[in-house]
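Working notes for the structure below.
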Amino acid sequence: MFVPADYVALSVNMISVIASSFTIMLLYLIVVHLVQEWRGPADEMDMMDKIGLYGGGLFAALTFTVTHTHWFNAVEAEMYASSMCLTALVVWLALRWSAHHDQPYSERWLVLIAYIFGIGIGVHLLNLLALFFVALIFYFKKFTFTLKSFAILIAVSVAGFLSIYPLTIILIPNFSGQIGSMTYGLIGPFTFIFLFGAAIAYGIYYTHKKGHRIANLILLSYAMILIGYSSYALIIIRSQANPAIDQNDPSTVEAFVSYLSRDQYGTSPLLSGSTFDNRTGNIDRNSETLFPRRHSSQPIHLQYYRNFDSDFEYFIDYQVNHMYMRYLFWNFIGREADIQDTGWYAGFTDTRHSNNPANSGYFFLPLIFGLLGMMYHFRNDPRRALSVMALFILTGLAIIFYLNQTPAEPRERDYAYVGSFFAFTIWVGLGATGLIELIKNSLGQSKNVAFASLGVVFLAVPGWMLQENWHAHDRSERYVARDYAYNLLQSVEENAILFTNGDNDTFPLWYLQEVEGIRTDVRVVNLSLLNTDWYIRQLRDRTTHESLPLAIDLTDEEIDEMTSQLELHNPAEISLPVPKELLKSAFEADPDTFGESADTSIINRLPAGVDYNEMIHNQLAMATPYSMPVDSLDNEVTFFLEGRSAGSDQQGNERFYLQTQDKMVLELLQNNLWLRPIYFANTVSRDGLLGLDNYFQFEGKAFRIVPKARETGPFGYVDTDVHADRLSKFQFTLWDSPDVYFDENIRRMLGNYRYGFTQLADAFIDKNDPESAAYWLKYGEDKIPFREIEHDWTVATLYAFRYMNVNEVERANQLAYFVSERLRYYLKYDMEKLNSLEERISNLDEEIQMARARARTDEARNLQAQRERLLSQRESAIEDVSFAVSRLSILQNIFFEHDDEETAELLRLDVQFITDGRLELPDSIEASRERIQMFGLTN
């Protein structure tokens, strides 16, 4: 609030940094305290025990510092670092209570823990899962273990958890919102909250006065949870001020409850529900099953579900192994790469991602220390070990069970399980403590050996992890997110409406507008949020900075109906008239003349059936001309709207539907009357573009919808003057620095930028202006040079080919040499994968024949299913190999055309050797040109 605009971003990021630092400190203290639980106070230990005590705590703290997930959270402006800090604080406070449980007023530690729970709810619910750790610590200090008492503990813990979530967090606020109608307006939400708080306060007073200590402690702790939870009042207070960014609009009790319940994200079945039927390939809505895991009806999910024979197999192989164990091993064995869905990597074997900045192998050492520390802990102090185990499971596998995740996640989700990794790191530290105890038992009071051993393991584990992870977690000098937002905003005309796809292409733009005040005339419209009622109402009703409300002519009831259901869509042609006379008048008018009412000469040119109202007035005030005369525009915009695939009906006919966002885009196009500029960011998926491609004009990083059908390429029509002007305004801060780390998402985005330059070059080539084409190609490569790690080498290949077409011989050769080397490197691994798959398929064929010969039909059926999956993987591998060879063919043509036949022939021989002669490159320039023509390219 009080931070200057220049330091807002730094300050927000420093919250995660500072919170993560405190987490590390608390982890050290937790390990030290756990060792003292069975060894006694440090003052009573000998030197070797002290070395193990403090060495183990430091070992755990430093190891967790450099684990992938914690480090990622520590430099990310998200809530996970703060949540982890509060969770660690709860664990430490529980142990502090344990150390003072027999002292007077020790309950104050428990009351403080309750307050931290309340504060933590306002950050993330992860913190609440530590309640069971606290319950176990309390139980083992106050009670002797029996099955009955332990069962009571579990019941009380579950009841305590449920009393907070969902009772306090969801149900009580929901009830307060409904009590007005239940009491015919006699009691409102705030009156109910006041009475509820007064009842708790009286309960505390009464139990204290009567000496009911346990009841008083429970009520006092609950009150502290409510006080901490009251921090959430900021959400309602802020929303009622109608800020520019007001997600979910939680300005009322009902909206606030919906916000807390995450209603816009939907729910997943847990214990029972409909699931995928392997026989039909769809979700069986006619029956329910226990433990449904394959529940989503999205086509991409249905396709993935076919790889599993049962829900349990999907649960183990995907949800547990892929979405949890893989992340656990990332942190304690090593990570293969920063590429989506890559696995863990120990460091012993070769991998195609060995030069990836995130390739890190720890040789199993952190995992081994963790497993040894867990056994060491259970042997010496099984009660506290069980408590840590509960924390480990509940913040890991229990979350997996609860989330019931669908496949094809848009990003890796390891940050959600950081609490589980924190718990495991406690055992990593205890493993080092156990090592010192082993040395003591074997060699006696050998301090030199103890220190030397600790030095070795510190270098081998946290030291090595630091070295391996540094580059992939170093975000210094990385300004891509800000530059990306700046460039996208500079891509659009004044007063534009800009449709964006998701988080990554929306929040950086909002940051620039709200914090730095850049291009506040642009209305950024997030298509994902455009499926929600509250967001549509905000766009309809609110002025944001200079941007007037959008052209939405729907009542609240119509919006609620649209967002509450999905209907099938019949593919059809859509026609939207273009009111040219209105456009001429609006574009020629002085914007200052639009006060409370437009000029009658403009109003009289409104199309028939369109009444002048506030919505139309706003669009007239925001009107911005096109880059071409109005007379050259089409009289109407006509396009075929197919819709999104909804699978097939029982007769096998494909069905389609429209999301709310699609309907709203059509609503805006129709009501806007082509006055206000409307753009799609070029990151929007094909499904979201509604088939408007023929009307796209590529401008910088966005597609403007221009009512003029033209022959377009994959990125729309390119007006060289407009596109070049947009690109010339872009910022590329240190994008050319080889020392700055770019992860997979950034590398993908850089390829998207390069297409902008190649499309502009193609447009200049079509205009017979090779000099301008060469200039922009070189400008693009200078600003965004190709690196050893790229998301897609196709862009680089075609970049080199275009250099050749504009007679940039040196640049073409240099880039072709570089790219061909990288492609051959990856081709070797692609061939190894293909050969391995074919060998496995051959082995399965033999096993299937043997199973059939022995009349083992079930076994043969399962083996056949495995074979089908491998065949699908084989087809994908063949496509990868063929695609790589195709790109090498294009690069070979560059060498041929530049009379470098020796390099072209060496490339041909190399490919022939790598593929065992299965695929070959052309052996002459004539054959090379023929292949280039097959690809649709021209020299």
Side-chain angles (χ1 to χ4, degrees), residues 493 496-499 525 527 530 536 539-540 550-554 558 562 566-587 602-613 615-616 618-620 622-646 654-680 684-698 702-714 716-717 719:
E493 279 284 0
I497 299 170
L498 175 59
F499 292 120
V525 179
L527 288 176
L530 200 54
I536 296 172
L539 296 175
R540 181 197 62 186
L550 303 191
I552 299 175
D553 190 23
L554 297 172
E558 289 172 328
M562 179 184 293
L566 284 177
E567 298 177 349
L568 291 178
H569 165 71
N570 293 320
E573 190 171 79
I574 305 293
S575 294
L576 301 175
V578 181
K580 292 186 180 180
E581 295 303 316
L582 173 67
L583 296 181
K584 288 180 183 178
S585 300
F587 293 158
I602 299 177
I603 297 175
N604 292 335
R605 288 179 170 81
L606 287 173
V610 177
D611 297 327
Y612 179 76
N613 53 30
M615 181 191 75
I616 297 298
N618 291 336
Q619 309 321 304
L620 290 169
M622 296 278 101
T624 304
Y626 296 94
S627 59
M628 63 178 66
V630 172
D631 288 333
S632 65
L633 301 177
D634 294 341
N635 293 322
E636 66 177 10
V637 169
T638 303
F639 58 98
F640 185 76
L641 180 57
E642 182 178 63
R644 301 168 187 264
S645 175
E654 190 171 5
R655 300 177 301 175
F656 300 91
Y657 73 100
L658 294 180
Q659 288 187 348
T660 300
Q661 69 178 61
D662 305 325
K663 299 175 185 177
M664 289 309 305
V665 171
L666 290 175
E667 168 84 4
L668 287 169
L669 287 175
Q670 182 175 353
N671 294 338
N672 183 55
L673 301 178
W674 305 103
L675 291 165
R676 192 169 181 175
I678 296 181
Y679 289 81
F680 284 98
V684 174
S685 65
R686 300 298 301 176
D687 287 342
L689 299 178
L690 306 188
L692 287 162
D693 307 52
N694 290 339
Y695 296 94
F696 284 161
Q697 178 167 294
F698 193 21
F703 302 126
R704 183 175 186 179
I705 305 176
V706 177
K708 174 71 174 178
R710 290 171 288 191
E711 185 176 337
T712 62
Y717 176 80
D719 183 319

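What you see is a predicted model, and the numbers here were worked out from it, not measured in a lab.
- For Leu620 against Ala586, the heavy-atom pair with the smallest separation is CD2-CB, 4.0 Å.
- Considering all non-hydrogen atoms of both residues, Val706 and Leu633 come closest at CG1-CD2, 4.1 Å.
- Residues satisfying the salt bridge (Lys or Arg N to Asp or Glu O under 4.0 Å) test with Glu493, not counting sequence neighbours, are Arg726.
- When all heavy atoms are compared, the tightest approach of Pro571 to Phe656 is CG-CD1, 3.5 Å.
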Practice task
Go through Thr624 and Arg676 one step at a time and tell me if the side-chain contact (heavy atoms from CB on, under 4.5 Å) criterion holds.
Solution key: CA-CA 6 Å; Thr624 304; Arg676 192 169 181 175; 6.0 Å; no
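- From Asn618, atom CG reaches atom CG of Asn613 across 9.0 Å, with rounding to the nearest 0.5 Å.
- For the atom pair Ser632 OG and Arg710 CZ, the distance stands at 8.0 Å (nearest 0.5 Å).
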Practice task
For Leu668 and Leu550, run side-chain contact (heavy atoms from CB on, under 4.5 Å): C-alpha distance rounded to whole Å, both residues' side-chain angles, the deciding distance at 0.1 Å, then the answer.
Solution key: CA-CA 7 Å; Leu668 287 169; Leu550 303 191; 3.8 Å; yes
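- Formation of a donor-acceptor pair under 3.5 Å by the His569 side chain with backbone atoms of Arg644 is not found in this model.
- Taken to the nearest 0.5 Å, the CG atom of Asn635 stands 9.5 Å off from the NZ atom of Lys708.
- With rounding to the nearest 0.5 Å, the separation of CD in Glu558 from CD1 in Ile536 is 11.5 Å.
- Under the side chain to side chain contact (heavy atoms under 4.5 Å, CB included) criterion, Arg655 pairs with Leu568, Ala646, Asp649, sequence neighbours left out.
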Exercise for the section: Start with the C-alpha distance between Asp662 and Leu530, add both sets of side-chain angles, then the distance that settles side-chain contact (heavy atoms from CB on, under 4.5 Å), and finish with yes or no. Expected result: CA-CA 9 Å; Asp662 305 325; Leu530 200 54; over 6 Å; no
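- Listed for the Trp674 side chain is no donor-acceptor partner under 3.5 Å among the backbone atoms of Leu669.
- Residues Leu658 and Leu641 meet the side-chain proximity criterion, which asks for heavy atoms closer than 4.5 Å.
- In terms of heavy atoms, Pro677 sits closest to Met622 at CD-O, 4.1 Å.
- Once rounded to the nearest 0.5 Å, the distance linking OG1 of Thr638 with CG of Asn694 reads 10.5 Å.
- For Gln697 and Ser627, the side-chain atoms include at least one donor-acceptor pair closer than 3.5 Å.
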Handout entry: Pair Val665-Phe499, side-chain contact (heavy atoms from CB on, under 4.5 Å): steps then yes or no
Key = CA-CA 9 Å; Val665 171; Phe499 292 120; 4.0 Å; yes
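- Scored by the ring-ring contact (aromatic ring centres under 6.0 Å, His included) test, Tyr717 finds no partners at all (sequence neighbours excluded).
- Taking the salt bridge (Lys or Arg N to Asp or Glu O under 4.0 Å) definition, one finds that Asp611 meets it with nothing, sequence neighbours left out.
- Side chain of Asn672 to backbone of Ala551: no donor-acceptor contact under 3.5 angstrom is found.
- Distance check, rounded to the nearest 0.5 Å: CG of Leu606 to CG of Leu673 gives 7.0 Å.
- Two residues are said to be in side-chain contact when any heavy atoms from C-beta on lie closer than 4.5 Å; Met615 and Asn671 meet this criterion.
- With Pro579 as the fixed residue, the side chain to side chain contact (heavy atoms under 4.5 Å, CB included) test singles out one of Ser585, Pro707, Pro607: Pro607.
- Scanning for side chain to side chain contact (heavy atoms under 4.5 Å, CB included) contacts around Phe587 gives Leu583, Ala623, Pro625, Tyr626, Val630, with sequence neighbours left out.
- Annotation: Phe703 is not in aromatic contact with Phe680 [ring centroid separation under 6.0 Å not met].
- Across all their heavy atoms, Glu667 and Leu554 have their closest contact at OE2-CG, 3.7 Å.
- Of all heavy-atom pairs between Tyr679 and Arg704, the closest is CE2-CB, 3.2 Å.
- Under the ring-ring contact (aromatic ring centres under 6.0 Å, His included) criterion, Tyr695 pairs with no residue at all, not counting sequence neighbours.
- One finds no salt bridge joining Lys580 and Asp631 here, because no Lys/Arg side-chain nitrogen approaches an Asp/Glu carboxylate oxygen to under 4.0 Å.
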